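Before any comments, here is the structure.
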Number of protein chains: 2
Amino acid sequence: MSSDPIGFTAHDHTHCVKSALAAAQAVCIQRGVQMTPVRLRTLEIMLEEHAAMGAYDVLARLNAEGLGSKPPVAYRALGFLVDQGFVHRIERLNAFIACAHPEDAHNPAFMICRSCGTVAEAQAQSGTFVQSAAQTGFQIEQTVIEAEGLCPSCQPQVQP
Amino acid sequence: MSSDPIGFTAHDHTHCVKSALAAAQAVCIQRGVQMTPVRLRTLEIMLEEHAAMGAYDVLARLNAEGLGSKPPVAYRALGFLVDQGFVHRIERLNAFIACAHPEDAHNPAFMICRSCGTVAEAQAQSGTFVQSAAQTGFQIEQTVIEAEGLCPSCQPQVQP
DNA sequence: GGGGTGTATGTTATAACATAACGGGATGCG
DNA sequence: CGCATCCCGTTATGTTATAACATACACCCC
Ligand SMILES: [Zn+2]
Ligand SMILES: [Zn+2]
Ligand SMILES: [Zn+2]
Ligand SMILES: [Zn+2]
């Protein structure tokens with residue numbers, strides 16, 4: 001049983017990988033899309049790592065297991081997982097991360113620590129930005145909400 | 001006198017380039033930083049174009065005028081302009097765009113039309129996302145707010 | 001079984017984006 | 001002058017992403 005950080009708080013992590021994989025497979029069956037070995041293993045890697053990974057990092061892991069060595073292999077698997085909502089893309093980092101709560105559809109938002117690189121997923125709420133977009137007649141299909149800063153662990157301590 | 005789209009509405013555009021350049025130069029003097037020829041011309045290009053441009057697009061324009069042909073020239077000039085707030089980076093597009101209202105410091109937000117590529121700049125307001133970030137103790141330094149969708153001109157018309 | 005269709009993979013090559021590192025010229029200052 | 005700093009130019013390389021083409025396989029229909 002491992003205890004790894006998710007978000008910025010520690011949590012038991014071993015079982016959630018397995019359950020997330022099982023849930024994803026169930027969703028794929030329900031949607032009539034295929035969770036193939038490469039896609040499944042890619043998702044498993046993302047879940048185990050539980051951190052932002054570049055496509056080439058993922059590719060290296062896949063390659064080490066004989067599942068493909070060329071960029072399109074990783075990009076296609078990641079593209080599928082992003083389309084299905086199991087993985088999110090972090091534009092700011094040109095990287096990917098497993099969804100922290102894939103239960104239901106959502107607009108993700110991220111907090112990226114510039115010091116330790118940890119990425120936490122939150123919910124994006126519709127603020128005045130979305131309202132003003134609607135006012136101008138712009139039809140939003142997708143939003144990118146990413147905040148960069150310092151996570152609690154990386155902030156300078158006030159009292160020594 | 002030209003009339004080009006800014007945001008999603010037409011507007012007179014000729015004079016605002018000159019005034020924005022003058023304003024930027026004044027700000028540089030005030031801050032004690034140098035608005036050099038390469039930087040100035042880069043900003044002018046961004047203002048004239050008034051659209052998201054890749055660094056290599058900018059570089060091509062600079063090169064055509066003998067102002068530099070190698071990537072670092074463009075990236076350095078753009079980096080300076082971004083640091084000073086005259087230009088914003090669009091993460092989603094790996095591109096840059098001149099600030100639409102550089103008068104005062106602000107957190108920009110963007111609406112990106114996936115059909116025609118137009119990018120409009122809006123103001124990012126602190127919504128519940130920022131609040132929840134504060135709750136978790138995350139200290140935000142910078143935000144990326146980008147919406148992708150269809151601009152008014154590119155939406156399918158309801159009535160023929 | 002043969003033939004058509006669609007999806008997923010594998011592979012090559014290249015496009016597109018970005019930076020490290022070095023050297024040189026201008027400027028300012030003690 | 002000697003030195004620091006900033007800006008610029010260039011070489012080389014690193015990093016991220018996709019176009020384009022070929023192959024494999026499952027599936028359905030006849
Ligand atoms: Zn998510
Ligand atoms: Zn941190
Ligand atoms: Zn702006
Ligand atoms: Zn449009």
Side-chain angles (χ1 to χ4, degrees), chain A residues 24-25 28-29 31-43 46 52-84 86-97 112 114 117 144 146, chain B residues 24-25 28-29 31-43 45-46 51-84 86-97 112 114 117 119 144 146 148:
Chain A
Q25 285 176 292
C28 284
I29 291 169
R31 293 179 184 166
V33 296
Q34 300 180 48
M35 180 58 89
T36 64
V38 175
R39 292 167 176 179
L40 184 64
R41 185 62 189 124
T42 301
L43 178 55
M46 301 298 292
M53 300 180 75
Y56 282 76
D57 298 333
V58 175
L59 180 59
R61 298 277 300 264
L62 291 174
N63 189 24
E65 305 174 22
L67 284 172
S69 62
K70 310 301 167 57
V73 172
Y75 278 100
R76 283 197 283 236
L78 288 167
F80 171 84
L81 296 172
V82 169
D83 287 346
Q84 299 302 321
F86 305 141
V87 163
H88 299 299
R89 178 178 167 86
I90 314 288
E91 299 292 342
R92 184 64 192 261
L93 303 177
N94 292 331
F96 301 85
I97 193 167
I112 305 165
R114 67 167 162 79
V144 175
E146 300 171 4
Chain B
Q25 286 177 293
C28 284
I29 291 169
R31 293 180 185 164
V33 296
Q34 297 180 47
M35 180 59 89
T36 64
V38 175
R39 292 168 176 177
L40 184 64
R41 184 63 189 125
T42 301
L43 178 56
I45 289 169
M46 303 296 293
M53 301 182 75
Y56 279 70
D57 298 332
V58 175
L59 180 58
R61 298 279 299 264
L62 292 175
N63 188 25
E65 306 174 21
L67 282 172
S69 61
K70 308 303 165 54
V73 172
Y75 278 100
R76 284 196 284 236
L78 288 168
F80 170 84
L81 296 172
V82 169
D83 287 345
Q84 300 301 321
F86 305 141
V87 164
H88 300 299
R89 178 179 166 84
I90 314 287
E91 299 291 341
R92 183 64 191 261
L93 303 177
N94 292 330
F96 301 84
I97 192 167
I112 305 165
R114 67 167 162 80
V119 175
V144 176
E146 299 172 4
E148 190 166 5

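Just so we're on the same page: letters track the sequence lines, and every chain starts at 1. Model, not experiment: these values are computed from the prediction. Basis for what follows: all heavy atoms, side chains included, without hydrogens, waters or symmetry-related copies.
Looking at heavy-atom distances under 4.0 Å, B:Leu59 makes no contact with the nucleic acid at all.
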**Fill in**
The contact string for nucleotides 16-23 of chain D, one letter per nucleotide 5' to 3', using protein heavy atoms under 4.0 Å with B, S and - for base, sugar-phosphate only and none, comes out as BBBB----

**Prompt:** Base, backbone or nothing for each nucleotide of nucleotides 25-30 of chain C, written B, S, -, heavy atoms under 4.0 angstrom, 5' to 3'?
**Reply:** ------

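Residues A:Val144 and B:Glu91 fail the side-chain proximity criterion, which asks for heavy atoms closer than 4.5 Å. Side-chain contact between B:Thr42 and B:Val58: present, with at least one pair of heavy atoms (C-beta onward) separated by less than 4.5 Å. Within the 4.5 Å cutoff, side-chain heavy atoms of A:Val33 are placed close to those of A:Phe80. With a 4.5 Å cut-off on side-chain heavy atoms, B:Tyr56 and B:Tyr75 count as touching. At least one side-chain heavy atom of B:Val119 sits under 4.5 Å from a side-chain heavy atom of B:Leu93.
Scanning for salt bridge (Lys or Arg N to Asp or Glu O under 4.0 Å) contacts around A:Arg76 gives an empty result, with sequence neighbours left out. Listed by chain and number, the residues in a side chain to side chain contact (heavy atoms under 4.5 Å, CB included) with B:Asn94 are A:Asn94, B:Arg89 (sequence neighbours excluded). For B:Arg39, there are no salt bridge (Lys or Arg N to Asp or Glu O under 4.0 Å) partners at least two apart in sequence or on another chain.
When atom types are taken as modelled, the side chain of A:Glu146 and the backbone of A:Ile90 share no donor-acceptor pair closer than 3.5 angstrom. In terms of modelled atom types and a separation under 3.5 Å, the side chain of B:Arg31 and the main chain of B:Gln84 share a donor-acceptor contact.
Scanning residues 33-43 of chain A for heavy-atom distances under 4.0 Å to DNA chain D yields an empty list.
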